[in-house]
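Presented below is the structure to which this report refers.
What you see is a predicted model; the values in this text were computed from it and never measured. Count residues from 1 along the sequence.
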Amino acid sequence: MSLGQLHYTSAPPGPDGSGFRFTALTPGLPQSVLREAEQLIGYEPPRNAPSRPSATELEAFPRAFSYSELSDGSRLLARTVYTGADYSGRWGNFHAHAVHLAPGRQLPDGALPVSAWESPGWAAATPEGGAPPALAALPPSTLLDPAGLIAFAASRAPWLATVFTDLQRQAEDETAPQVVLVERDSADVARWVALASAALPREAAHRLTFTTYTRRPHLAGQRIVGVLPDDAHGLAGSGRRYRVHDCSAPPPAPDGPAPGPHGSAPGADGSEPAPWAVAAAGIWSAGAFGLFQHAHRLPGEPFTAGPVSALALCAGIDLPSSHRTAAARWACEHPAELDGQELDGLVQTLAAPRQEAPVPAAETAALAELFARVGANLRPETAAPLAARLLTAAVRSAEPVRPPDPGALTDEVARQLAAELGPELRAGIADPAGGFARPLRLLRVAGLLTVDCSDLVAPLAHRLAAALLADPSAYGGELHETLTDRPDLHTALRRELDAAALAGPASVTVLLERAPVELESREPESREPLPYLRMCGWKARGPAGGGDRNGDLRAVLEAARVSVFAHPPLLRVAFRLVWGSDTPTPEEARYVLAETGADVHRPAETWPFLVTAALNGRPGDPHADELAHELLAAFTRELRPHDRAALLLLEFARDLRAGGAGPGWVDRFLGLRRAADPVNPTVLEHVCGRIARRLLTDPGAGRELDDLIRSRDADLCAAYERAAREDSVKGRLQREPSYFADRFVDWNAHPQAGGAWGKVRGALLDGVLRPAARALPAEDLAAVEAALAKRGTRHAEDFRAWHRPGALSRLGLRFGGRDNRPGKTAPRRRGSDSDSGSGSGSGSGSGSDDRYRDGGVR
């Protein structure tokens, strides 16, 4: 590689003129480069410099060492010094020596531009010949030695982080403000550039432009501009263009602006230094600048604090909490990037006692994550202090901290921690405030340190069970891990849930559906039956039911692994698990009663479920009245009078169905109803329906119908009408003339009874019987008349009159045509038998049929 050279100074007249001009150039340099270079390599002496300096004073003049980017992308590295008088004796001459780097090129061997500060390769005067050859390299300066840079960094510690922060902004944003460094010696600006070039990522360092001295900073285009104190006054208040760092003044006093992290002062705009900048400042302040080269090779985005902070901490350099957090997280992501020695150093620094109290939660969480990732690879003497710190944080921090594994502590450290933290552990576990998450963490720590908290386990399990039953989603990974680590807590929790299942199995079932609470104990010696919990577990996690609730009841009881006869309350819990808020059907209840027997239901207090099943059974269900019969026999002493009366009603319905009821059905029904009042509507509908159907099917039920009519019971009458409108009745009316005749006689009974029967009989005559009669063929109508004639000629005549078209006949039957008042004679119906002695169209029974003598027309 070759570096084209440029020399510029005031020269005597020659082919290129006189005065300031290029006096020596490597051939081939473009004119555009020369024009731009001429604007960059000028020099103005300091404001207070002597006009005719001596040789000693000349040496004290600032040197303008610059690295600039040209418009074509090439770079110019230049050194300009004041030389005093020119060839003509005029004062104000200077000499500039510069080298040109083509676009994309760097100094040989990748040397950083600042390394050429006061390089032996710079010329103090124009060489002879006028056309110097291109340079192969610029030897590095001997003035930027490591010891000197370390001492300089220590002297500039208050400004390091803020300057580095501004340089980071420049590297990330080309529009960021220029950095103006106010120093009394231009060599110090070069040292600043050397500090920055070492800390910045290599690519950013090669792009960093600078000048160590200028009288006119507002005309300088470099990223770093060095000025003397006299030239910095005009830059105040121009923060959008410049970030001015006056290192010539003393650092901020203790009562001045608060320092930033690691002792650095806030930036000119009051902002805190960037994390990467703070870490870089810490490395330079510690004199460990060799870490930068290592950091540049580590994975991670440029200017992230993780890699550089990790290396600093590995070297024992203390950094603020945010950097410790970043370093721990980076090490978690890239554990293979640090060798064993570095990892040990990092952990030792992180585990060292801190002045900060309390330690931020983010740092503690990062340390816990790091320990979980690399703790197994650490030496015991290295791991134990960090494990102790994490355990201490787990006890004293309000935020959750993941405790280390039991093997991380040495015996001595464990004993010390147990003595120190034991009282705090017990107090925290017993504290009911704030939920159960923290007590669980403390219980695990107590187990690691073998602090005896056995007396606190049962109360904690009680609180834990209450919280889980109220919100099953509270069961999480941390709780599961604690139950795994502490079998005694798992056993106590199972006991609490078993007790809760006896009182409220539904809530325990929901918990077991939503949370993976283990039902089996991990300790063989403490495997208790816990039958109620097992029953809830079967209900929550067993096979889906197929609709056989009696089968489910059997399976639930089998899951208890305890005999229901030895523990009758199991039956009550099983009922609630299988049926919940529902009621067993009478058939299901009969099955349970037959399978278990009555004796277990008394101590189990489940017989009321069976009674409810009977009383809530579907009307018409034969199992309901059979169940009532069985309950009356089984629970004679337990039944309340009201329930007994209601069951007797159902038993009476059973007798009616079986044909075992003696005469006086209605009276018996009314008596039982009064005793059971108020009667369950389903029971009432069931019994009334059974009576009504018996009245409609039993040929000898005439007097029972009289009793129904006289009772004026609206429920019985309504049930009779519903039964009469059933398809079975309509079918018999079509098929059996004798049945039709019986219903015609029955429904014409007591025409003036009024009340409930008065409404029913008319509705049945018009709504049921007449449509049936219209549908009958002539021969069936004749058969009906013949059947009625056998019951008395008047019934046949009434039927013919009722069936004959015409309003009078229908009205006469509906409202009772005869006037039954004393002394009144019913008008004769045309075409009637004048010798019959009876009125026509009455629809009532004749005098020869004494079934209706109490309510019929005489």
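- Between Glu588 and Arg554 there is no salt bridge, since no side-chain nitrogen of the basic residue lies less than 4.0 Å from a carboxylate oxygen of the acidic one.
- Atom CD of Glu412 sits about 5.0 Å away from atom CD of Gln416, to the nearest 0.5 Å.
- Side-chain contact check for Leu632 versus His629: every heavy-atom pair is 4.5 Å or farther apart.
- Ion pair Asp643/Arg640 flagged as a salt bridge, since at least one NZ, NE, NH1 or NH2 atom sits closer than 4.0 Å to an Asp/Glu carboxylate oxygen.
- For residues 559-600, every residue pair satisfying the ring-ring contact (aromatic ring centres under 6.0 Å, His included) rule, not counting sequence neighbours, is listed here: Phe575-Trp579, Phe575-Phe609.
- Taking the side chain to side chain contact (heavy atoms under 4.5 Å, CB included) definition, one finds that Pro403 meets it with Leu391, Val445, Leu448, sequence neighbours left out.
- Rounding to the nearest 0.5 angstrom, the gap separating the CZ atom in Arg693 from the OG atom in Ser728 is 7.5 Å.
- Considering only residues two or more places apart in sequence or on other chains, Arg673 meets the side chain to side chain donor-acceptor pair (under 3.5 Å) condition with Asp713, Asp715.
- Taking a cutoff of 4.0 Å between a charged side-chain nitrogen and a carboxylate oxygen, Arg725 and Glu721 qualify as a salt bridge.
- A donor-acceptor pair shorter than 3.5 Å can be found between the side chains of Asp625 and His686.
- For the residue pair Arg534 and Glu528, the shortest heavy atom distance occurs at NH2-O, 3.6 Å.
- Nearest heavy atom pair, residue Glu496 against residue His462, reads OE1-ND1, 3.0 Å.
- Under a cutoff of 6.0 Å and an axis angle of 45°, Arg463 and Phe436 do not form a cation-pi pair.
- Looking only at side-chain heavy atoms (C-beta outward), Phe740 and Leu769 come within less than 4.5 Å of each other.
- Contact check for Thr410 versus Val413: side-chain heavy atoms found under the 4.5 Å cut-off.
- Listed by chain and number, the residues in a side chain to side chain contact (heavy atoms under 4.5 Å, CB included) with Glu626 are Arg590, Arg654, Arg657 (sequence neighbours excluded).
- Looking only at distances, a side-chain donor or acceptor of Ser507 sits under 3.5 Å from a matching main-chain atom of Gly504.
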For this session: Step by step, work out the salt bridge (Lys or Arg N to Asp or Glu O under 4.0 Å) result for Glu424 and Arg396.
Result: CA-CA 8 Å; Glu424 296 179 58; Arg396 294 173 176 170; 3.0 Å; yes
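- The ring-ring contact (aromatic ring centres under 6.0 Å, His included) search around Trp665 returns none, not counting sequence neighbours.
- Side chains of Val592 and Pro584 form no contact here, defined as non-hydrogen atoms less than 4.5 Å apart.
- Listed by chain and number, the residues in a salt bridge (charged side-chain N to carboxylate O under 4.0 Å, His left out) with Asp485 are Arg444 (sequence neighbours excluded).
- With respect to the salt-bridge test (charged N to carboxylate O, under 4.0 angstrom), the residues Glu651 and Arg668 do not qualify.
- Arg549 and Asp552 are not joined by a salt bridge, as no carboxylate oxygen comes within less than 4.0 angstrom of a charged side-chain nitrogen.
- Under the 3.5 Å distance criterion, the side-chain polar atoms of His601 are left unmatched by any main-chain donor or acceptor of Pro608.
- Once rounded to the nearest 0.5 Å, the distance linking CG of Leu456 with CG of Leu443 reads 8.5 Å.
- Contact check for Asp498 versus Pro531: side-chain heavy atoms found under the 4.5 Å cut-off.
- Residue Arg402 qualifies as open at atom CZ: its count of foreign heavy atoms under 6.0 Å is 12 or below.
- Look at Arg743 and Asp746 and you find a salt bridge, because one of the NZ, NE, NH1 or NH2 atoms lies within 4.0 Å of a carboxylate O, short of that distance.
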